[in-house]
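Order of listing sets the numbers, starting from 1, for every ligand and every atom in it. Here the structure is a predicted model, which is why all the values come from computation and not from measurement. Numbers here are sequence positions counted from 1. Computed from heavy atoms alone, side chains included, the values below leave out hydrogens, waters and symmetry copies.
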Amino acid sequence: MALIVQKYGGTSVGSVERIDVVADKLIKAHQDGNQVVVVVSAMSGETNRLVALAQDVADQPSPRELDVLLSTGEQVTIALLSMALERRGQPARSYTGGQVHILTDSAHNKARIRDIDGSKMQTDLDAGRIVVVAGFQGVDEDGNITTLGRGGSDTTAVALAAALKADECQIFTDVDGVYTTDPRVEPRARRMQRITFEEMLEMASLGSKVLQIRAVEFAHKYSVPLRVLSSFEEGPGTLITDEDSEMEQPLISGIAFNRDEAKLTCLGVPDQPGVAYRILGAIADANIEVDMIIQNVSEDAINDFTFTVHRSDYARALELLQQKAEELGAKEVLGDDTIVKLSLVGVGMRSHAGIASTMFQALAKEGINIRLISTSEIKISVVIDEKYLELGVRTLHEAFDLAEDS
Ligand code: ADP
Ligand code: ASP
Ligand code: MG
């Protein structure tokens, strides 16, 4: 008998009608002879609603209390789904993260899963029940409720699949697989049959929110077969797998983008050891994550230093940089929070030259100015003005011939 873990995201459980559809799908999977664990998100819009409520009460709500609040969204869905299953005569049990011992560290709002005790779930499964688990949450060693960061239900599902040694982890969402780029931005995007863990990791870390990056990391580390499917229609979805020699190796597998970036520049800093550390040390001490970093020599012994941060950290980072600039005797500080990052991803890049120039030429033809560039083995990222995002995505999609054959 196979054991499968299915996960349904917010839109897939966004109404009572949708919860009924999910209940029917689960019963079918169970009747097909599988043991079934299901992880659900909060109903669509609910997590955002709770975040807004918290902000109405406090500018900077305490991370601990925010987690107590946010975890309630998923608790509503597990109870409703279990009721829908039982009404159909299917025994089921719902559990919060803490109740199935999803033990995390204590980093509220972005906790990492450390351990899961699958024994209670296994007992339920062996008794013929469907196990319904709240996504996105756990508890720390002291019993405090924690949450795993936005999109964290994906990670709950994969972690449960690893702990229970499931045969497959199926992520049901509102698109029918992983596409060459977000199909909401480029309708001609093509669904991929398969994508490697490596490429999916890059896509997720560069902004494709179809899977939370930690879910992909976990699946890779514990070799959990992972599939993305639609909860709205039947289909094979996209399998995320290890690279194998039989896989077609397209040059570029996808285009990712991130709208949440902001750019800061310190002009005219002295070209001396320790300057980068003094600037970025202050940023790191404020717990602000830095993404791209670029330094170039502008004149003799004078450098320009540029880096990007998450847009929500922009104001704070700018303030800190202004202080540092004064201390260092820099010329000027510039900032821009209307930029986005656009990235090309593909393992085929390793063995092919000329991808970057094709990319830059295509963007230039459309008059899109590139502000920053960074590359690694299987990706090239550029920072551009946010108003060119859609045009940039479609231009690259066309230039690299990624569309559906028609
Ligand atoms: P869920 O609530 O089910 O977790 P999400 O909104 O988190 O769903 O993720 C699904 C969304 O991810 C899609 O609706 C799509 O707009 C977006 N997306 C971004 N990049 C891609 C991609 N490359 N392939 C498919 N979907 C993508
Ligand atoms: N409900 C959480 C969110 O909206 C977790 C998830 O859906 O994965 O981010
Ligand atoms: Mg999601």
For atom 7 (O) of ligand 2, what is the nearest protein heavy atom, given as residue, atom name and distance?
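Here the closest protein heavy atom is S41 OG, 2.9 Å.
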
Geometric N/O contact S153 with ligand 2, under 3.5 angstrom
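In this structure, S153 places an N or O atom under 3.5 Å from an N or O of ligand 2.
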
Quick check: G151 and ligand 2, any N/O pair under 3.5 Å apart?
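The answer is yes, given that G151 and ligand 2 share an N or O pair closer than 3.5 Å.
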
Test applied, side chain to side chain contact (heavy atoms under 4.5 Å, CB included); reference residue, T173; option that passes from V178, L229, V228:
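It is V228; the other options fail the test.
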
Picking from D313, I283, I279, what satisfies side chain to side chain contact (heavy atoms under 4.5 Å, CB included) with V290?
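Among D313, I283, I279, the one that satisfies the side chain to side chain contact (heavy atoms under 4.5 Å, CB included) with V290 is I283.
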
Pair listing, ring-ring contact (aromatic ring centres under 6.0 Å, His included) test, anchored in residues 348-374, at least two apart
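Listed by first then second residue: nothing to list.
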
Pairs flagged by ring-ring contact (aromatic ring centres under 6.0 Å, His included) wherever residues 7-44 is involved - sequence neighbours left out
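Sorted result for residues 7-44: Y8-F172.
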
By salt bridge (charged side-chain N to carboxylate O under 4.0 Å, His left out), which residues pair with R394, not counting sequence neighbours?
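Counting only residues at least two positions away or on another chain, R394 forms no salt bridge (charged side-chain N to carboxylate O under 4.0 Å, His left out).
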
Are I384 and K341 packed together at the side-chain level, in the sense that at least one heavy-atom pair is separated by less than 4.5 angstrom?
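Of all side-chain heavy-atom pairs linking K341 with I384, none is under 4.5 Å.
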
List the atom of S41, the atom of V13, and the distance in Å for their closest heavy-atom pair.
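Result for this residue pair: O-CG2, 3.7 Å.
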
Using every non-hydrogen atom in the two residues, find where R214 and K110 come nearest and quote the distance to one decimal.
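Nearest pair, atom of R214 first, then K110: NH1-O, 3.3 Å.
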
Check each atom of ligand 2 against the heavy atoms of E74 and keep those under 4.0 Å away; list them by number with element.
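The list of qualifying atoms is 1 (N), 2 (C), 5 (C).
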
Out of all atoms in ligand 2, which are within 4.0 Å of some heavy atom of R150? Include the element for each.
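Counting from 1, the qualifying ligand atoms are 3 (C), 4 (O), 9 (O).
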
Any G9 heavy atom less than 4.0 Å to ligand 2
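For ligand 2, residue contact (heavy atoms, under 4.0 Å) with G9 is absent.
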
Non-hydrogen atoms closer than 4.0 Å to ligand 1: which protein residues do they belong to? List them by chain and number, please.
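Those residues closer than 4.0 Å to ligand 1 by some heavy atom are K7, G9, G10, T173, D174, V175, G177, V178, Y179, T181, D182, P183, R184, M203, S208, K209, V210.
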
For the residue pair T155 / Q212, report whether a side-chain donor-acceptor contact shorter than 3.5 Å exists.
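Yes.
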
